[in-house]
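Here's the structure, in structure tokens; my notes come after.
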Amino acid sequence: MDLNLEYWQNNGKSFLSRLHIWFNLLDPSSLLASDAEIEKARCLLRSEEKQQKNEKVRNAWALSVSSVHADSGALISPVFRPQAFLPITVPLVVASFLPHKGVRPALFWHFILQSYCAGFNRANRNTTATPGNKTSAKQPLLIVGTVSYSTVVGALPQIVIQRMRVSSTVAQAFCRSVLPIPLSAILAAFSVMVVRSEESENGIQIFDSNGNSLGVSKEAGSKAIKETAISRATLFGTTATVPTLLLYFLRRAKFVQRNPLIAAPVRHISTAIVLGLMIPVSFSLFPQLGKIEKQQVEKELQALTDDRQLFYHRGL
């Protein structure tokens with residue numbers, strides 16, 4: 001079991017404790033750490049000094065958990081590390097929610113957003129489903145298809161308004177405010193499920209309570225995908241919902257009615273704030289070291305241990 005999985009085995013037992021951990025891990029300044037600094041932190045954690053609970057050890061854990069993949073032990077590309085998710089997605093999400101004048105700008109921003117989300121899902125998957133990190137020939141096609149499909153469906157409200165020449169104020173409000181809510185949640189979950197489909201097809205590594213590998217389980221792979229898809233749908237669905245509700249109530253206020261131009265910046269700022277708050281919340285919904293009952297895994301794996309619960313790396 002990798003050092004990072006050992007960390008999650010001993011920490012983050014409850015939602016609140018995981019939330020506290022993620023608020024610390026998502027510090028963007030850690031992106032400035034060099035490869036040598038990360039390797040030095042890992043060396044520290046492999047030594048006896050890791051038993052000491054001082055600031056140096058805490059910083060080493062934070063750097064390792066947020067920068068190194070828990071399956072392969074390889075460095076995650078800085079662009080796809082958890083702490084890069086907020087600064088990269090905020091402008092993309094805000095831009096994708098804008099009331100564009102044409103279809104092309106909407107398609108462009110949704111394409112960039114969906115491409116990044118697919119890359120993030122791929123980089124933070126459970127890599128034990130692909131031994132030797134060898135991807136099947138169909139996986140790149142699935143990723144390209146996912147990005148293309150999600151781009152078109154994400155821009156669907158704008159496409160409907162432009163192609164059907166919707167002029168009704170109520171219909172436009174529905175397309176631009178209500179329709180993006182379910183679309184954002186569904187597309188976020190869809191991206192996770194397709195990009196990480198190898199985990200349910202090939203299975204992922206499972207461990208006993210002592211950290212010993214028992215083999216790969218397709219049931220654990222399916223559970224890992226499901227949990228991550230739910231967390232991502234919660235993230236983007238909530239980010240689309242809260243600013244819409246806030247704007248709905250604000251527009252009833254006389255101050256906003258007298259100054260209608262204030263609505264746009266309020267929507268953009270609230271979208272950024274909600275997204276920033278929901279990222280650690282969504283990452284904390286399920287533990288990184290997931291649990292699965294022994295009865296739920298394949299029969300040949302059940303015979304290898306007496307433990308009632310087994311563990312797997314959920315990914316992010």
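Looking at Asn11, its side chain does come within 3.5 Å of a backbone N or O of Tyr7 through a donor-acceptor pair. At least one donor-acceptor pair closer than 3.5 Å links the side chain of Asp307 to the backbone N or O of Ser209. A donor-acceptor pair under 3.5 Å links the side-chain atoms of Arg232 to the main chain of Leu316, judged by distance alone. Lys291 places no side-chain N or O within donor-acceptor distance of the main-chain N or O of Pro287, the cut-off being under 3.5 Å. Listed for the Gln302 side chain is a donor-acceptor partner under 3.5 Å among the backbone atoms of Gln295. Counting only distance, with no hydrogens or angles, the side chain of Gln139 and the backbone of Val195 share a donor-acceptor pair below 3.5 Å.
Counting non-hydrogen atoms of neighbouring residues, nucleotides and ligands closer than 6.0 angstrom, the NE2 atom of His20 reaches no more than 12 such neighbours.
Here Leu63 is tied into one hydrophobic group with Ile38, Val68, Leu75, each link being a pair of ILVMFWY side chains closer than 4.5 Å. Counting side-chain heavy-atom gaps under 4.5 Å among Ile, Leu, Val, Met, Phe, Trp and Tyr, Leu32 is found in no cluster with other residues.
Under the 4.5 Å side-chain criterion, counting only non-hydrogen atoms from C-beta, Arg122 is in contact with Ile143. Annotation: side chain of Ile21 is in contact with side chain of Trp8 (closest heavy-atom distance under 4.5 Å). The side-chain heavy atoms of Lys223 and Lys218, taken from C-beta on, include no pair separated by under 4.5 Å. Two residues are said to be in side-chain contact when any heavy atoms from C-beta on lie closer than 4.5 Å; Leu275 and Thr89 meet this criterion. At least one side-chain heavy atom of Val103 sits less than 4.5 Å from a side-chain heavy atom of Arg163. Between Leu310 and Ile206, the closest side-chain pair of non-hydrogen atoms falls below 4.5 Å. Residues Ile292 and Gln309 are not in side-chain contact: their nearest non-hydrogen atoms beyond the backbone lie 4.5 Å or more apart. Using a 4.5 Å heavy-atom threshold, the side chains of Leu45 and Trp61 count as touching.
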Inset, instruction - Assess whether side-chain hydrogen bond (donor to acceptor under 3.5 Å, both in side chains) is satisfied between Asn124 and Arg314, documenting all intermediate values. - result: CA-CA 9 Å; Asn124 291 279; Arg314 179 175 67 84; over 6 Å; no

**Request:** Decide side-chain hydrogen bond (donor to acceptor under 3.5 Å, both in side chains) for Gln83 and Ser30; before the verdict, give the C-alpha distance in whole Å, the side-chain angles of both, and the deciding distance to 0.1 Å.
**Result:** CA-CA 8 Å; Gln83 59 269 46; Ser30 61; 2.9 Å; yes

Ring pair (Phe, Tyr, Trp, His ring centres under 6.0 Å) between Phe80 and Tyr116, worked out
CA-CA 8 Å; Phe80 296 124; Tyr116 177 76; 5.5 Å; yes

request  = Please report the C-alpha distance between Ser231 and Thr234 in whole Å, then the side-chain angles of each, then the deciding distance to 0.1 Å, and finally whether the side-chain hydrogen bond (donor to acceptor under 3.5 Å, both in side chains) criterion is met.
outcome  = CA-CA 5 Å; Ser231 70; Thr234 302; over 6 Å; no

- Any chance you could lay out the ring pair (Phe, Tyr, Trp, His ring centres under 6.0 Å) test for Phe120 and Phe85, step after step, and finish with the verdict? CA-CA 8 Å; Phe120 184 87; Phe85 193 78; 4.6 Å; yes

**Prompt:** Can you check side chain to side chain contact (heavy atoms under 4.5 Å, CB included) on Thr228 and Arg196, steps first, answer last?
**Reply:** CA-CA 10 Å; Thr228 307; Arg196 294 180 53 174; 3.3 Å; yes

Practice item. Under the side-chain hydrogen bond (donor to acceptor under 3.5 Å, both in side chains) rule, what do Asp71 and Thr128 come out as? Steps first, then yes or no, please. Key: CA-CA 7 Å; Asp71 293 321; Thr128 59; 5.0 Å; no

Show your working on side chain to side chain contact (heavy atoms under 4.5 Å, CB included) between Lys40 and Leu44 and close with a plain yes or no.
CA-CA 6 Å; Lys40 184 179 179 181; Leu44 172 66; over 6 Å; no

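In summary, Arg46 and Glu39 engage in a salt bridge, as defined by a charged side-chain N under 4.0 Å from a carboxylate O. Comment: Lys138 engages Glu201 in a salt bridge, judged by a side-chain N to carboxylate O separation of less than 4.0 angstrom. Using a 4.0 Å cut-off between charged nitrogen and carboxylate oxygen, Glu55 and Arg58 do not count as a salt-bridge pair.
For the side chain to side chain contact (heavy atoms under 4.5 Å, CB included) with Val242, the lone residue among Thr238, Thr239, Leu245 that qualifies is Thr238.
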Below 3.5 Å, can you tabulate the donor-acceptor pairs from side chains in residues 173-184 to any protein atom, sequence neighbours excluded?
unit_1: Ser177; atom_1: OG; unit_2: Ala173; atom_2: O; d: 3.4
unit_1: Ser184; atom_1: OG; unit_2: Pro180; atom_2: O; d: 2.6

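Under the side chain to side chain donor-acceptor pair (under 3.5 Å) criterion, Thr169 pairs with no residue, sequence neighbours left out. Applying the side chain to side chain donor-acceptor pair (under 3.5 Å) criterion to Arg81, with sequence neighbours excluded, gives no partner residue. Asn59 meets the side chain to side chain donor-acceptor pair (under 3.5 Å) test with no other residue; sequence neighbours excluded.
Ring orientation note: the planes of His313 and His69 are nearly perpendicular, at an angle over 60° on the 30°/60° scale.
Both Ile279 and Phe286 are part of a single hydrophobic cluster, where members link through side-chain heavy atoms under 4.5 Å apart.
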